[in-house]
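Bear in mind that the values here come from a model prediction, so they are computed numbers and not experimental data.
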Amino acid sequence: MSMTSRAAYLVAPALALLLSACAPGTGGGPATTAGAALPSGSTLEARWERRVVTLLVAERIADACYGEGIYLAPSPYGGAVHRATEELVAAGEDRAALNAVFAAHDFDTTTAAVERYLASRGGSVEAPASLCAVGATEIAEGSEVGKVLTKL
């Protein structure tokens, strides 16, 4: 897979999330998917996707809320996909297996999971302040997403 193709995989989730905000019925009103959770499962694919979704949710919040003092916690790795992969390699997972997971992954499911998670907590990309409230709650609760964020 060329670097251009890999870059498209990294940009596609953010682009899809931004474009979905333009669709009818995606306003900042009450959440319609209450109770949405991070992806679950014990397979390598499921654990990788859960971590990528967690990191993408945190990135969306940090991007919208830096003015409110909410940032990504420091990490030696940049980008959700790279960070998730490197964290799993550091935990003993096989890099070749993770590269295969990445190559076969459908990022539309990841984007949908990010959107569901934020919406279930009252967050909307159309209302950046709502993402800040979600981020503050995640940090206070010490959730997986909250552990990836920091408030200065």
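Residues satisfying the side-chain contact (heavy atoms from CB on, under 4.5 Å) test with Ala97, not counting sequence neighbours, are Leu44, Asp94. Take Asp63 and apply the side-chain contact (heavy atoms from CB on, under 4.5 Å) test, not counting sequence neighbours, and it matches no residue. A search for side chain to side chain donor-acceptor pair (under 3.5 Å) contacts involving Thr109 returns Glu49, not counting sequence neighbours. The side-chain contact (heavy atoms from CB on, under 4.5 Å) check on Thr43 picks up Glu45, Ala46, with sequence neighbours excluded. Annotation: side-chain contact (heavy atoms from CB on, under 4.5 Å) contacts of Ala64 (sequence neighbours excluded): Pro128, Leu131. The side chain to side chain donor-acceptor pair (under 3.5 Å) search around Glu141 returns none, not counting sequence neighbours.
Among pairs with a residue in residues 81-115, none fulfils disulfide bond (SG atoms under 2.5 Å apart), at least two apart in sequence or across chains. Here disulfide bond (SG atoms under 2.5 Å apart) pairs that include residues 71-109, with residues two or more places apart or in two chains, number zero. Residue pairs meeting the disulfide bond (SG atoms under 2.5 Å apart) criterion with at least one partner in residues 104-152, sequence neighbours excluded, are Cys65-Cys132. Listed by first and then second residue, the side chain to side chain donor-acceptor pair (under 3.5 Å) pairs that reach into residues 143-152 are Arg50-Glu144, Glu138-Ser143, sequence neighbours excluded. Within the structure, the disulfide bond (SG atoms under 2.5 Å apart) test picks out no pair touching residues 72-110 (sequence neighbours left out). Residue pairs meeting the side chain to side chain donor-acceptor pair (under 3.5 Å) criterion with at least one partner in residues 66-78, sequence neighbours excluded, are Ser75-Arg83.
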